[in-house]
Amino acid sequence: MGCIQSFRQCCDRPKNTNVRISLPAVCFVWQIAMIILFGIFIRYNEESDAHWIEHKTSKNISSNIENDYYFRYPSFQDVHVMIFVGFGFLMTFLKRYSFGAVGFNFLIAGFGLQWALLMQGWFHSLDPMDGKIKIGVESMINADFCVASCLIAYGAVLGKVSPVQLMVMTLFGVTLYAVEEYIILSLIHARDAGGSMVIHTFGAYYGLSISWMLYRPNLDQSKHRIGSVYHSDVFAMIGTLFLWMFWPSFNSAISDHGDGQHRAAINTYLSLAATVLTALAISSLSQKTGKLDMVHIQNATLAGGVAVGTAAEFMLMPYGSLIVGFCCGIISTLGYIYITPFMEKYLKIHDTCGIHNLHAMPGVIGGIVGAITAAAASEDVYGKEGLMNTFDFTGEWKEMVPTRQGGHQAAGLCVALCFGIGGGIIVGCILRLPIWGDAPDNSCFDDEIYWETAWHHHLL
Amino acid sequence: MGCIQSFRQCCDRPKNTNVRISLPAVCFVWQIAMIILFGIFIRYNEESDAHWIEHKTSKNISSNIENDYYFRYPSFQDVHVMIFVGFGFLMTFLKRYSFGAVGFNFLIAGFGLQWALLMQGWFHSLDPMDGKIKIGVESMINADFCVASCLIAYGAVLGKVSPVQLMVMTLFGVTLYAVEEYIILSLIHARDAGGSMVIHTFGAYYGLSISWMLYRPNLDQSKHRIGSVYHSDVFAMIGTLFLWMFWPSFNSAISDHGDGQHRAAINTYLSLAATVLTALAISSLSQKTGKLDMVHIQNATLAGGVAVGTAAEFMLMPYGSLIVGFCCGIISTLGYIYITPFMEKYLKIHDTCGIHNLHAMPGVIGGIVGAITAAAASEDVYGKEGLMNTFDFTGEWKEMVPTRQGGHQAAGLCVALCFGIGGGIIVGCILRLPIWGDAPDNSCFDDEIYWETAWHHHLL
Amino acid sequence: MGCIQSFRQCCDRPKNTNVRISLPAVCFVWQIAMIILFGIFIRYNEESDAHWIEHKTSKNISSNIENDYYFRYPSFQDVHVMIFVGFGFLMTFLKRYSFGAVGFNFLIAGFGLQWALLMQGWFHSLDPMDGKIKIGVESMINADFCVASCLIAYGAVLGKVSPVQLMVMTLFGVTLYAVEEYIILSLIHARDAGGSMVIHTFGAYYGLSISWMLYRPNLDQSKHRIGSVYHSDVFAMIGTLFLWMFWPSFNSAISDHGDGQHRAAINTYLSLAATVLTALAISSLSQKTGKLDMVHIQNATLAGGVAVGTAAEFMLMPYGSLIVGFCCGIISTLGYIYITPFMEKYLKIHDTCGIHNLHAMPGVIGGIVGAITAAAASEDVYGKEGLMNTFDFTGEWKEMVPTRQGGHQAAGLCVALCFGIGGGIIVGCILRLPIWGDAPDNSCFDDEIYWETAWHHHLL
């Protein structure tokens, strides 16, 4: 800890927020690198290549509708909306940081998805025949998923970092994600359709650790800008609702064709509905006169979608989904009331959007629910083929049984936690270097630092 | 009437808007009840159960793409957006009630869809083998449809009721809906793909009757808050446009696979386009200098979607759809100009969002158009198989003919009207009890009653 | 030029913005004309007609899922969102013209799509058997595409024209579009899945030419209203993001079933991602302290989607898409910085939304990229059947080869340019007549001219 403290002090030099060299440089260099790497590695897969018509004949596929595109593209577009409008607008609640919220969200996602296609491609879809990565609609969904974890992390540091720091954070975040995803899904053979562990747990702890490393003791100089105005809260509801509505697509986007996608959508739909009621109830209980708090409505209502992520494709049962949503609405809202202030005061972790309550805790709960549901799976409930199909007990995992699968799920959760916390601390160290152009303590949460807003002060 | 008057007076005690006990209590009790009832009754249907893979083999289904999920899920997501963003944002137009609009809309819908799955399940999809309700993607769409009727009703009382009242209104609304839907669709065998009768007529008269029962003679104390500001009108356009754009999905979501869905989408698309022009024209005509009124653009442009609901899956013909839209744009806009003030002044029905113009009148027109179109159906136009298929003249309805079907459609419309008006009066009585925490007459249309808004007054 | 000048002067009479007669008259007359023409000409096609069930049997189609509806409806809905929310909200950035942006966008689109169904129908889907136009989901997408070109044109004249002028502009715009589309796609046999040439190049030059004809030398009297406020910029981001996210659906909506749609979506997804980074980089470079400009983020980030439109369905390769996006982000942003002011000052073309940078230049680039990619196509890359399939070398075009196809693509681009510029000049002349109710120079960009806004001045 002493070492960390002294490193912190060494980094605390006067701030220069001019990013005119660094931001364009990073954007250009990385984009050019992407082009070169894409040129070397990335090709269309057999379903998006012009040879599809021959492939179809050779594999005896009866119709174009069997192309994976038609199974997944609607879900992909819903996920895409969640990434750009959902996460982007959810963060617009701050009275003076709406441009930064939606604009930097755009930047992170635009860069992150390219890098994710490469990183995930190397681990998951490298064609051994020609050494190329073959991409299709599922790759785009996975890239969006990967980006989601970085955007969750952004929530913790919203308003306190520069766009250059965000690019660095995304570069490392995507890299770490691809590795932990490979370990969890491929090596450990855990299932995680909606990414409770892989996306939410990892992303949230990655962001919280970075926020801890970047702790600003004098942040109260910007305190008056931490808060919303009437219309910024309405804008944030756009983000909330698009996340809430499309979460069934998120959790079902890459699960099995047929019953897998169908069931994942139903479970998520139900879990989220239950969350709305308990989040509202706790919000009302927490105020002297029973008034509701927009922060809870905007965020805690989503916790059920996170927590049902892993188990969504399992036979969680409709009432099981409701129970998960019920609990998460309560826990998440209580988190906003008690845990976020506690973390800031005692743990020195400032969490702008409260991602600990929306992603970290529900993500861990989701991992545990997934482990329990997997361990409790039986041929009675799933059917013999259904069980094999749902848990992918094929190939080298032919001998797997549900109880052991439960253990593997739990192991997956631990890996996500370790990568999140460990990775976040290391990347946080890097981001403390006084070269990234972040704002001084008295100019946080202010769009004027990085945006042209000549008219700004006259109006707000 | 005298009896109603004295009941009204008895209920007019001083108001206490503290909902700290009642709101959380209702939320928790009802959510726990939902979990128990879901545990007893609700299971996955054969297309979302893990046994799907065996079911597929046994029924000789060639591909996963034949799962109903792929026929309906994109439409479901569009409907979902209409329910949460469409209805929610449409009501944000009031200058100080945007939180209440979008937040309580969220609450109603989150609770309503769970209760709807149960109520509709008992009537429509109870499996006689095991006494369970089997749900799938179509159940989710139907639950969203049912919730829509309650949200329409909310439009009439927007800003004048407490969240607890809304929960009670939704509980009864969903119950009534399930019964009238069963009578109209199953007993009477009327067709109503887009719900002109079942959803819009019922929902609108339910809401108007409640508003009549809850009439506040001194509402002019809150008059200065009935109106919009510039940006609240822009927010409302988000709601308008998402409703308008996705209405083709709404009307086609549960119609027959193949040509049924295809035709319903086309008819709705065309009807709505015509409505835009006539609504705008009448709006411009109604002002001395030809200026347009945002209220008309936000609402009357949608009337064509309501009115084409029943007949959308029939062979209404493209020009028929345009005619329906043409008329409804005119009628709905005239309604805003003449009928809404008339109803408030002489009938003592205050209708905050003008649902009489957007849902009630177009809904009734839709029912009539449906009856006429059905009665005029012929084998020439539909083909022999097409006629049977479109009107479902199978099983016990094998002997049905189009002319009689027209009569049944008209009967369905009457049932919807009776349930709406009758149910609304009874529920309105209940909601007059002075225990629900609604706002006094001088604090209506104000978010401050139910929302934490410390900064509010400084800014607006 | 002298002739044009004198025509201009003759038209410059005092302005009367009362549209109470003209706007309703135009709306009613045209809508009634639509009903009559639809009655005479438009019918359902075999996939949306009730005879589908018989058609299915006769054509040996195995399942309802083979109905084109299921291939294209999700993309249609995404395109629909782009037209109404995307274009509508993108233009809400002006501080006092949000109603006009989203409201007139609604009007243009609502009328345009009906007229487009007719015009495109006459050219493309007239059934020779009965002289009727047969419509289905693809017709709706094409109608939306056609409307897009008129909305692009609206961007150039935003705030300077009356709704009646917009209706006239749309009537002619749709007509010209249908003709140039017929020439480019059918006569010249150019391919243009995403409409870089047909939609964007044509639409942008059509709008710019009209804006040139309607040049207002004294527009600086309204200069103080050309600009945004904080929340109007956030509203505009809603438009930007929905355009950005759904662009892959736009470019793939009408391309070939199977690999064609799949590949078009991937290429667009990648191109747009690259554009974000370079647009941001140039934006930051252009300011002394590296601050970002919302105008660039809102607009230039979309250029990659325009430029990849023609080639999206070709084997452009993932890195090729990135390169296109990379270049367009740079060019488009530089356009906003240098070319727009230049055009206003020296060419007397005022371009409110900067469509020259977002649609014109990227559209031309897209046409060129398409020509090169087509000319470079080979059987190696596409496969024998894939090449025929992708470029539709069938029927009378059986003997076509890729190199010649490249020439045809280039010819198509020229046609789009000619129709845009020529048509715009002629229509611009018509719109100069002093009968359309447009605003005087000191009342441009002001919603008060055409909208009831009693409360307006108190609040902004």
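The sequence lines fix the lettering, A, B, ..., with proteins before strands; numbering per chain opens at 1.
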Exercise. Hey, mind stepping through C:D233 and C:Q298 against side chain to side chain donor-acceptor pair (under 3.5 Å) and telling me if it holds?
Worked result: CA-CA 8 Å; C:D233 265 332; C:Q298 282 159 12; 2.8 Å; yes
Problem set entry | Interchain contact, C:S284 with chain A, by part (heavy-atom threshold 4.5 Å) | both
Seminar exercise, completed: So, the part of A:N67 with a heavy atom under 4.5 Å from chain C: the answer is side chain
For this session: Give the ring-plane orientation class for C:H296 versus C:Y336, where under 30° counts as parallel, over 60° as perpendicular and anything between as tilted.
Result: tilted
Problem set entry | Max heavy-atom pair count under 4.5 Å with chain A, selected residue of C:D259, C:I282, C:I297, C:T278 | C:D259
Exercise. For C:S283, is it the side chain, the backbone, both or neither that has a heavy atom under 4.5 Å from a heavy atom of chain A?
Worked result: neither
For this session: Would you check if the distance from the ring center of A:W451 to the ring center of A:F104 is below 6.0 Å?
Result: yes
Exercise. Is it the backbone or the side chain of C:T275 that comes under 4.5 Å from a heavy atom of chain A, or both, or neither?
Worked result: neither
For this session: Pick one of side chain, backbone, both or neither for C:L316, based on which atoms fall under 4.5 Å of a heavy atom in chain A.
Result: both
Problem set entry | Flag, side chain of C:S255 to backbone of C:S252, donor-acceptor distance under 3.5 Å | yes
Exercise. Considering only heavy atoms, which portion of C:S63 lies under 4.5 Å from any heavy atom of chain A: side chain, backbone, both, or neither?
Worked result: neither
Problem set entry | Contacting region of A:Q114 [heavy-atom separation from chain C under 4.5 Å] | side chain
Problem set entry | Full working for ring pair (Phe, Tyr, Trp, His ring centres under 6.0 Å) between C:Y230 and A:F99 | CA-CA 9 Å; C:Y230 198 65; A:F99 292 3; 4.6 Å; yes
For this session: Answer with side chain, backbone, both or neither: which region of C:V381 has an atom nearer than 4.5 Å to a non-hydrogen atom of chain A?
Result: backbone
Problem set entry | Spacing of CZ belonging to A:F76 relative to CG belonging to A:D68, to within rounding of 0.5 Å | 12.5 Å
Exercise. Side chain, backbone, both or neither: which part of A:L117 has a heavy atom under 4.5 Å from chain C?
Worked result: side chain
Problem set entry | Which portion of C:Y382 sits near chain A, non-hydrogen atoms under 4.5 angstrom | both
Exercise. With a 4.5 Å limit on heavy-atom distance, are the side chains of A:F235 and A:S98 in contact?
Worked result: no
Problem set entry | Residue among A:H55, A:E47, A:E54, A:M140 with most heavy-atom pairs under 4.5 Å to chain C | A:M140
Exercise. C:I238 versus chain A, heavy atoms under 4.5 Å apart: side chain, backbone, both or neither?
Worked result: both
For this session: Please flag which part of A:Y70 lies under 4.5 Å from any non-hydrogen atom of chain C: side chain, backbone, both or neither.
Result: side chain
For this session: Check whether A:D144 gets within reach of chain C through its side chain, its backbone, both or neither, counting any heavy atom under 4.5 Å.
Result: both
For this session: Report the relative orientation of the aromatic rings in C:F242 and C:F246; use parallel for angles under 30°, tilted for 30 to 60°, perpendicular for over 60°.
Result: tilted
Exercise. Has C:Y319 got more than 12 heavy atoms of other residues, nucleotides or ligands less than 6.0 Å from its OH?
Worked result: no
For this session: Mind ranking A:G110, A:S48, A:G88, A:A101 by heavy-atom pairs under 4.5 Å with chain C and telling me who comes out on top?
Result: A:S48
Problem set entry | Close side-chain approach of A:W436 to A:V168, heavy-atom, < 4.5 Å | yes
Exercise. Under a 4.5 Å heavy-atom cutoff, which of A:A143, A:G136, A:P74 has the most pairs with chain C?
Worked result: A:G136
For this session: For the pair C:E138 and C:R72, find out whether any cationic side-chain nitrogen is under 4.0 Å from an anionic carboxylate oxygen.
Result: yes
For this session: Look at C:D293, C:I65, C:V234 and state which one has the largest set of heavy-atom pairs under 4.5 Å with chain A.
Result: C:V234
Problem set entry | Heavy-atom contact with chain C under 4.5 Å, split by part of A:F41 | neither
Exercise. Chain A: which of C:Q77, C:R263, C:H257 shares the most heavy-atom pairs with it under 4.5 Å?
Worked result: C:R263
Problem set entry | Part of A:I135 within contact of chain C (heavy atom distance under 4.5 Å) | both
Problem set entry | For chain C, the option from A:W52, A:F111, A:Y44 that forms the most heavy-atom pairs under 4.5 Å | A:Y44
For this session: Would you please indicate if the ring centroids of A:F84 and A:H80 are separated by under 6.0 Å?
Result: yes
Exercise. Between the side chain of A:R20 and the main-chain N/O of C:Q287, is any donor-acceptor distance below 3.5 Å?
Worked result: yes
